A.B. asks: 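Mind looking over this structure? Questions follow.
In this text the structure is predicted, and so the values were computed from the model without any measurement. Every heavy atom of this structure was used, including side-chain atoms; hydrogens, water molecules and symmetry mates were not. Here is how names work: the chains are called A, B, and so on, in the same order as the sequence lines, proteins then strands, and each is numbered from 1.
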Amino acid sequence: MSFIEFVEGPFYTVAMTIFLLGAAWRVIGIIRIGRKKDISPPKGSAAAGFFKGNLRHFFPRGIFARRTWLHIVGGYGFHLGLFGLMLFAAPHVAFISERITGFGWPTLPRWGFVITAEIAFAGLIVLWVRRISDPVMRLISDWDDHIGTWITFFVMLSGCFAMQESHVFLRATHMLLVNIWLIYFPFGRLMHAFTFFLSRGNTGATYGRKGMNL
Amino acid sequence: MIERRPLPFRSRKAEILTHQTGIKRLSNIFAYARVIAFMLLSATWLIVETGQSDAASHVRAPENAVNLPVDDGPPNTLGTRSDGEIWSDIRHGAVGNPSSSSASGQAIQSLGQDWRLLRENYIVKYAGWFPVGVIGLLLLYFLIRGRMKIASGRSGKTIPRFTLIHRIAHWFTAGVFMILGLSGLIILLGRPVIVPLFGHEVNSIMTSAALQGHNLFGPLFVVALMWMFVKFVRGNFFQLVDFKWIFKLGGLFGGHVSSSQFNFGEKSWFWLLMIVGAVMSITGLVLEFPWFFEDLRLLQASTVLHGIGAVTLICVSLGHIYIGSVGMEGALDSMLIGEVDENWAKEHHDLWYEEVTGKSAKDDTEEGAST
Amino acid sequence: MSDQSKADIAVAKFLEHTDGEVASFFEACVHCGECAEACHFHLSTGDPKYTPTYKLLPMVKAYKRDKAPFSSLKKMVGLAPAQVTEEELLEWEPLVYDSCNMCGRCTLVCPMGIDIAGTIRKMREGYAAAGMVPEGLQRSAEFVKKTSSPMGVTIKALQAQIKHQEDITGIPIEVDKKGADYMAIFSSMEIMGYPEVLGAYSKLFKKAGVSWTISSVAYEATNVGVQIGSGPLAKEILQRVVDAAEALEVKHVISPECGHAYGAIRWAGPNMMGRQFNFEVVHIIELLDQLRREGKIPPGKKDDRTMTLHDPCQIIRRGGLLKEPRSLMDGSCGNFVEMKGAGVTNFCCGGGGGVSANPRAEELQTAAFSQKLKQLDGIDNLEAVVVPCGNCRTVFEDGLDAYERDLEIIGLSELIAETLAE
Ligand code: HEM
Ligand code: SF4
Ligand code: SF4
């Protein structure tokens with residue numbers, strides 16, 4: 001079995017399995033801790049608050065955004081760029097349709113891919129350099145933050161290295177890093193991609209129940 | 001009743017910062033740095049030595065440039081005539097007819113040959129030695145002079161120097177610069193360095209990867225450069241004190257030098273980066289989007305300028321990185337936490353210190369009274 | 001185990017109070033530092049240790065070590081955080097008690113919507129159980145046990161204030177009136193510092209024809225138990241009010257112009273007692289707004305000074321009463337100007353959450369008040385600030401004093417009573 005066959009075959013399957021089971025285990029683990037039932041007479045709906053909380057926190061408030069606009073731009077740039085690449089890069093769609101879904105969807109043209117990647121990279125770099133050059137960030141960051149950032153960065157970088165699609169080795173390297181990323185994901189802070197809805201939702205539910213207008 | 005008291009947070013903060021951001025930890029590392037520097041220097045010398053013999057054994061006739069879409073050359077150009085005859089014809093206005101280029105009638109011209117020779121014989125051949133040389137010199141300097149210490153020690157009190165946006169702009173630029181520098185060197189030095197060391201296959205892979213990376217990050221550098229310009233231009237205009245600084249060689253070999261927010265060295269670095277960076281941006285964009293440019297000579301000039309500019313910036317940036325990190329105690333604080341120690345400011349940027357604090361940089365006794 | 005160390009006790013409580021909600025916060029925090037931008041303690045000192053999420057660190061560690069999914073796996077390979085030590089807890093104690101007003105401003109800016117305030121409240125349970133509580137708060141707790149009031153206000157003192165107000169307004173206040181519709185409770189601060197509020201109540205309720213009373217055994221609304229984070233004490237304090245209200249057979253208990261008191265009885269209350277009450281809890285602002293809408297307390301001549309409204313965190317941001325105080329203000333003020341950032345994003349005065357009851361935190365509280373001052377300074381020719389919370393009011397007065405500023409502070413009920421139509 002060649003290296004590329006290994007990283008796209010059995011290794012990928014194992015990594016994906018760890019990713020899916022690990023992420024599910026962790027989310028379910030958090031939910032299962034449970035909350036005591038609140039018996040104070042409610043003023044509003046907790047369920048509605050759960051959704052409202054999730055939506056509300058997508059939109060920064062002006063009074064804070066004026067101070068932290070660069071962080072917001074970097075954050076959104078990176079995340080939207082990453083999702084754009086992950087879901088709409090032509091090689092990704094080909095891989096997903098072949099391996100998982102059985103069908104594909106429209107993909108980004110090459111120039112679209114390049115611009116999306118540039119936005120994602122710019123965002124990620126801004127986020128990380130902010131992490132190392134702000135006293136607050138230096139104080140609260142831990143190794144998990146840095147590892148998560150750097151693995152993601154290398155996955156993206158190896159992907160862009162392979163853009164000529166002329167060397168199997170480069171493609172295999174990208175795939176190898178993707179597998180490592182998938183395995184690390186459920187154990188580290190990358191999991192925020194799945195836990196955010198719980199945290200926003202829980203606060204939203206508490207607030208919603210109190211009839212708070214946030 | 002609360003009495004109105006001065007809030008001692010500022011000084012406490014400095015303490016916390018040095019304590020918690022690991023700056024102290026960092027400085028311990030420098031105890032070992034000299035040993036490491038010595039080993040690196042020896043290693044550099046070794047590489048230079050073996051590299052030379054390597055290079056000597058690999059001297060060969062110039063080949064085609066790596067990053068042009070030319071394989072074995074157009075099949076119909078050679079005919080039955082010798083190279084010399086063909087070039088003579090071309091020099092006198094004959095027009096070749098390459099099959100592999102859209103720029104018909106231009107792809108083969110005598111200037112192209114000059115360009116190729118320049119690139120192969122000078123740039124590609126020697127470019128790599130400059131950074132190696134600079135690293136060697138820096139190591140040597142570090143071994144002899146060691147770290148430039150804050151003479152009066154850290155005061156524990158800090159003053160703000162750069163805002164978070166300044167710092168992010170700096171590290172953004174530096175990050176993109178480093179990615180471009182490394183990938184650029186791979187593209188440039190693939191043939192003389194990677195091929196002999198690791199072979200054609202590895203070179204081909206690395207060059208492909210580096211080229212894709214280089215093309216992707218290039219436009220980000222253009223943005224970064226503009227950002228950097230807007231954020232840092234203030235304070236970087238040359239002043240009278242800068243001449244004194246030049247005469248004293250920036251205190252590199254001792255002596256006190258006055259300077260305002262940025263000293264002559266920093267200002268020069270800033271303008272060099274801006275001007276050469278602008279050239280790099282323009283030539284880089286020309287090379288990235290060659291189909292917009294009819295004239296092949298523009299592309300040729302661009303590669304030459306791009307290469308020379310790159311080597312220049314990389315070399316100077318190495319010096320900058322040295323002085324900004326291991327070379328000078330307290331310098332990195334300004335880019336990591338945005339604040340610098342008061343004593344550092346007094347010693348290296350006395351005029352700026354006086355301007356922002358309203359205190360004299362010379363008289364230490366006054367300090368207690370005015371805080 | 002009898003010789004459990006303090007750290008063990010605290011950690012056990014931390015874990016007990018890390019429910020699914022808190023766990024989701026700890027799991028979701030991405031260390032983005034955004035919350036620092038919202039916290040007035042960080043903003044006014046610039047000190048990174050006042051970053052909200054950092055204040056939770058020991059509790060996060062305990063969770064990650066002993067309760068989080070995969071924690072046993074991580075412990076096996078040595079990747080779990082180290083055990084929380086007593087030194088660490090002591091180091092964090094000022095962060096937990098002095099530098100958080102549980103104001104909830106940081107939650108607004110947090111991309112993950114993490115409720116730092118609520119979590120600090122739970123974290124204090126661990127500290128209280130381990131006996132690591134600032135001296136000042138401990139002292140108020142002891143007062144409460146004796147007199148039911150953190151300032152040691154006795155029933156005699158209350159009766160004297162009632163008498164005085166009766167003399168001023170000429171309206172009698174009936175104490176312990178069985179079967180009244182409403183029972184009012186007050187914060188000690190109001191009784192001792194701003195007794196005008198008693199007069200304001202009697203004027204307003206007389207006009208509206210509301211039957212109300214004050215209990216001679218449970219008149220204190222401040223719940224030090226909630227501030228310290230001691231569940232048992234909080235319950236004990238609450239029990240008095242509930243018993244008194246149910247004995248007097250009132251239909252409603254009026255929570256005063258005080259933030260934490262409202263949250264303590266309205267939201268935490270039934271959960272602490274484990275049952276719903278036989279009465280309804282209303283906030284005085286809610287009640288006044290309702291009476292005004294029903295036309296029972298019509299506004300008369302407006303106060304024409306330039307005034308602004310301070311939004312007490314627990315009533316506005318965390319209590320959900322946003323429009324009510326504003327419509328009351330509109331009725332009573334001719335020249336009502338909002339501060340920049342008014343409403344849900346308003347700054348805390350700096351003294352909430354037990355900070356003002358904690359002398360050690362005085363300096364920090366004054367520093368934090370500077371953010372409030374900045375908001376006030378944004379309004380030209382400001383003449384008075386309406387502060388509908390007894391605690392905020394003292395913090396304002398101390399703060400203005402510390403910065404050598406002069407500005408009138410009034411309560412909302414008083415303003416409404418003063419501008420009531422004849
Ligand atoms: C990676 C290692 C680097 C380190 C440790 C570093 C360190 C520093 C420090 C400490 C300063 C502030 C000096 C002061 O306080 O006056 C600074 C300024 C600056 N850096 Fe860097 N830097 C690095 C890389 C780069 C690179 C690669 C570039 C170019 C793309 C760059 C461009 C600049 C510029 C333009 C300034 C402002 C100087 C001025 O305006 O006069 N830096 N750097
Ligand atoms: S709740 Fe308020 S005081 Fe506490 S950390 Fe958040 S912003 Fe700061
Ligand atoms: S803003 Fe929220 S997610 Fe970000 S560091 Fe603070 S608590 Fe964590």
Side-chain angles (χ1 to χ4, degrees), chain A residues 22 25-41 43-44 53-54 56-58 60-61 63-64 67-68 71 75 127 130-131 134-142 144-145 186-187 189 191-192 195-196 198-207 209-214, chain C residues 18-34 36-38 42 46-49 51 53-54 57 67-70 73-74 79 107-115 118 263 266-271 273-277 280-281 317-320 322-323 340-341 344-345:
Chain A
W25 173 267
R26 195 150 157 197
V27 169
I28 293 168
I30 298 163
I31 297 174
R32 273 195 39 196
I33 295 174
R35 293 177 69 168
K36 251 208 236 141
K37 197 174 161 352
D38 189 342
I39 57 169
S40 61
K43 249 189 182 178
N54 262 297
R56 185 64 190 86
H57 284 275
F58 275 118
R61 284 164 208 270
I63 193 165
F64 301 119
R67 284 182 66 88
T68 62
H71 188 196
L127 292 185
R130 178 175 171 274
R131 201 174 273 295
D134 181 7
V136 165
M137 297 305 289
R138 293 175 68 87
L139 183 62
I140 64 178
S141 300
D142 56 21
D144 191 1
D145 296 315
F187 302 99
R189 195 157 284 117
M191 268 302 282
H192 72 278
T195 51
F196 83 92
L198 286 176
S199 129
R200 286 182 186 182
N202 275 322
T203 300
T206 309
Y207 285 14
R209 205 169 179 286
K210 293 186 183 175
M212 283 153 69
N213 27 25
L214 289 183
Chain C
T18 309
D19 58 2
E21 181 179 27
V22 174
S24 75
F25 298 156
F26 293 166
E27 293 282 354
C29 177
V30 282
H31 290 173
C32 71
E34 210 48 16
E37 297 298 328
H42 171 70
D47 193 329
K49 76 179 177 192
T51 303
T53 187
Y54 188 66
L57 198 61
K67 196 164 184 176
F70 294 128
L73 189 71
K74 285 183 183 165
L79 285 177
T107 302
L108 301 180
V109 74
C110 174
M112 298 291 160
I114 292 169
D115 181 13
R266 172 69 177 85
W267 299 113
N271 292 307
M273 306 300 292
R275 66 172 174 95
Q276 297 214 350
F277 305 142
E280 218 185 291
V281 178
R317 183 160 44 239
R318 290 174 71 72
L322 180 68
K323 296 194 195 77
K340 193 174 156 207
V344 287
T345 54

A.B. asks: Under a 4.5 Å heavy-atom cut-off, does chain C meet the side chain of A/D38, its backbone, both or neither?
C.D. replies: both

A.B. asks: Is chain C contacted by the side chain of A/F187, its backbone, both, or neither, given a heavy-atom distance below 4.5 Å?
C.D. replies: both

A.B. asks: Between C/D19 and C/K67, is there a side-chain N and carboxylate O pair less than 4.0 Å apart?
C.D. replies: no

A.B. asks: Chain C heavy atoms under 4.5 Å from A/R67: which part of the residue, side chain, backbone, both or neither?
C.D. replies: side chain

A.B. asks: If I compare all heavy atoms of C/T51 with all of A/I140, which pair ends up nearest, and what's the gap?
C.D. replies: CG2-CG2, 4.1 Å

A.B. asks: Is C/C110 in contact with chain A via its backbone, its side chain, both, or neither, using a 4.5 Å heavy-atom distance?
C.D. replies: backbone

A.B. asks: Give, as side chain, backbone, both or neither, the part of A/M191 having an atom under 4.5 angstrom from any heavy atom of chain C.
C.D. replies: neither

A.B. asks: Measure C/A36 against the heavy atoms of chain A and call it side chain, backbone, both or neither at under 4.5 Å.
C.D. replies: side chain

A.B. asks: Go through A/F58, A/F196, A/W25 and name the one with the most non-hydrogen pairs under 4.5 angstrom from chain C.
C.D. replies: A/W25

A.B. asks: Verify whether one side chain among C/S24 and A/N202 offers a donor that lies under 3.5 Å from an acceptor in the other.
C.D. replies: yes

A.B. asks: Could you tell me which portion of A/I63 (side chain, backbone, both or neither) has an atom closer than 4.5 angstrom to a non-hydrogen atom of chain C?
C.D. replies: side chain

A.B. asks: For a quick test of reading the model, state the closest non-hydrogen atom pair linking C/V30 to A/D145 and the distance between them.
C.D. replies: O-OD1, 3.9 Å

A.B. asks: Check each atom of A/P41 against the heavy atoms of chain C and say whether the ones under 4.5 Å are side chain, backbone, both or neither.
C.D. replies: both

A.B. asks: Shorter than 4.5 Å, heavy atoms on both sides: which option in A/D134, A/N54, A/V136, A/I39 has the most such pairs with chain C?
C.D. replies: A/I39

A.B. asks: State whether the side chain of A/K210 and the backbone N or O of A/G44 hold a donor-acceptor pair below 3.5 Å, judged by distance alone.
C.D. replies: no

A.B. asks: Tell me, for C/L57 versus chain A, whether the close heavy atoms (under 4.5 Å) come from the side chain, the backbone, both or neither.
C.D. replies: neither

A.B. asks: Can you name the nearest heavy-atom pair linking A/T206 to A/R35, along with the distance?
C.D. replies: OG1-NH2, 3.1 Å

A.B. asks: Look at the side chain of C/H42 and the backbone N and O of C/D47, then say whether any donor-acceptor pair between them is shorter than 3.5 Å.
C.D. replies: yes

A.B. asks: Side-chain contact, heavy-atom cut-off 4.5 Å: C/I114 with C/T53?
C.D. replies: no

A.B. asks: Counting only heavy atoms closer than 4.5 Å, note whether A/K43 contacts chain C via side chain, backbone, both or neither.
C.D. replies: both

A.B. asks: Quick one: which of C/C32, C/G319, C/C29 has the most heavy-atom pairs under 4.5 Å with chain A, could you say?
C.D. replies: C/C32

A.B. asks: Sort A/R130 into side chain, backbone, both or neither according to what part of it lies under 4.5 angstrom from a heavy atom of chain C.
C.D. replies: side chain

A.B. asks: Could you check whether A/S40 and A/R209, counting side-chain N and O atoms only, form a donor-acceptor pair closer than 3.5 Å?
C.D. replies: yes

A.B. asks: Can you name the side chain to side chain contact (heavy atoms under 4.5 Å, CB included) partners of C/A28, sequence neighbours left out?
C.D. replies: A/T195, A/S199, C/M112

A.B. asks: So what's closer than 4.5 Å to chain C heavy atoms on A/D142: side chain, backbone, both or neither?
C.D. replies: both

A.B. asks: Looking at chain C, which one of A/K37, A/K36, A/R200, A/R32 has the largest number of heavy-atom pairs inside 4.5 Å, strictly under?
C.D. replies: A/R200

